[in-house]
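Quantities reported herein were computed from a predicted structural model and do not represent experimental measurements. In what follows, every heavy atom counts, from backbone to side chain, and hydrogens, waters and symmetry copies are set aside.
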Amino acid sequence: MLHIKLTLERGSAGTFGLDVLRSPGDEERTRLFYDAPAAQLGVDRTRSGNNSSAEPNLGVHKGPLALANGQLTLDVFVDRSVIEAYANSHKSITTRAYPFRQDALGLRLFGDGSTVKSMTVWKMKSMTG
């Protein structure tokens with residue numbers, strides 16, 4: 001269970017963002033991304049794990065979002081199977097992921113040409129003890 005506060009500057013990147021619930025070899029991951037040419041925020045669940053749905057193709061979902069001064073600020077909450085991302089205090093994406101692999105716990109930034117302006121990760125505890 002994590003809270004991630006992240007600000008990325010687009011720079012020359014076409015697509016950039018954050019992978020959560022990622023296995024070490026990238027076999028499984030849920031990708032939160034910004035598609036700069038399309039000006040869209042999205043989530044890619046094509047590798048979210050075979051426990052995530054009865055449907056084999058979990059797909060890519062995205063919608064419009066303008067960057068703020070060329071920057072994307074994400075507040076991401078990973079609470080077991082729930083992933084919530086709030087972008088630029090304006091838009092949000094919520095999804096679920098049930099990775100098959102026990103080691104799908106990692107984070108990874110991506111986006112050639114983008115710059116990390118700030119990133120803080122907090123480990124959260126359960127409300128129920």
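- The hydrophobic cluster containing I4 also contains L74, counting ILVMFWY residues as joined when their side-chain heavy atoms lie under 4.5 angstrom apart, directly or transitively.
- When all heavy atoms of G111 and F16 are compared, the closest pair comes out as CA-CB, 3.7 Å.
- No side-chain donor-acceptor contact under 3.5 Å links Y34 to the backbone of Q71.
- Judged by distance alone, with hydrogens and angles left aside, the side-chain atoms of R29 form no donor-acceptor pair with the main-chain N or O of R108 at under 3.5 Å.
- The minimum heavy-atom distance between S23 and R101, with the atom names listed, is CB-NE, 3.4 Å.
- Placement of V121 and L105 in two distinct hydrophobic clusters is found when ILVMFWY residues are connected by side-chain heavy-atom separations under 4.5 Å, directly or transitively.
- In the hydrophobic cluster analysis, where Ile, Leu, Val, Met, Phe, Trp and Tyr join through side-chain heavy atoms closer than 4.5 angstrom, M124 is grouped apart from V78.
- A side chain to side chain contact (heavy atoms under 4.5 Å, CB included) with L6 holds for exactly one of T120, L18, L32; it is L18.
- Residue A66 comes nearest to N88 through the heavy atom pair O-ND2, 3.5 Å, listed as atom of the first residue, atom of the second, then distance.
- Heavy atoms only, all atoms of each residue included: Y98 and S81 are closest at CE2-CB, 3.3 Å.
- The minimum heavy-atom distance linking L21 with A97 is given by the pair CD1-CB, 3.9 Å.
- When all heavy atoms of L41 and A87 are compared, the closest pair comes out as CD2-CB, 3.5 Å.
- Between R31 and the options T15, D44, D19, a side chain to side chain donor-acceptor pair (under 3.5 Å) holds for only D19.
- Listed by chain and number, the residues in a side-chain hydrogen bond (donor to acceptor under 3.5 Å, both in side chains) with S12 amount to none (sequence neighbours excluded).
- R47 places a side-chain N or O within 3.5 Å of a backbone atom of D26 that can act as its donor or acceptor partner.
- Within 6.0 Å of NE2 on H90 lie no more than 12 heavy atoms contributed by other residues, nucleotides or ligands.
- Neither side chain, R10 nor S114, offers a donor N or O lying under 3.5 Å from an acceptor on the other.
- For D75, the side-chain hydrogen bond (donor to acceptor under 3.5 Å, both in side chains) partners are H3, K5, not counting sequence neighbours.
- At a threshold of 4.5 Å between side-chain heavy atoms, the hydrophobic network of Ile, Leu, Val, Met, Phe, Trp and Tyr places V60 and I93 in two separate groups.
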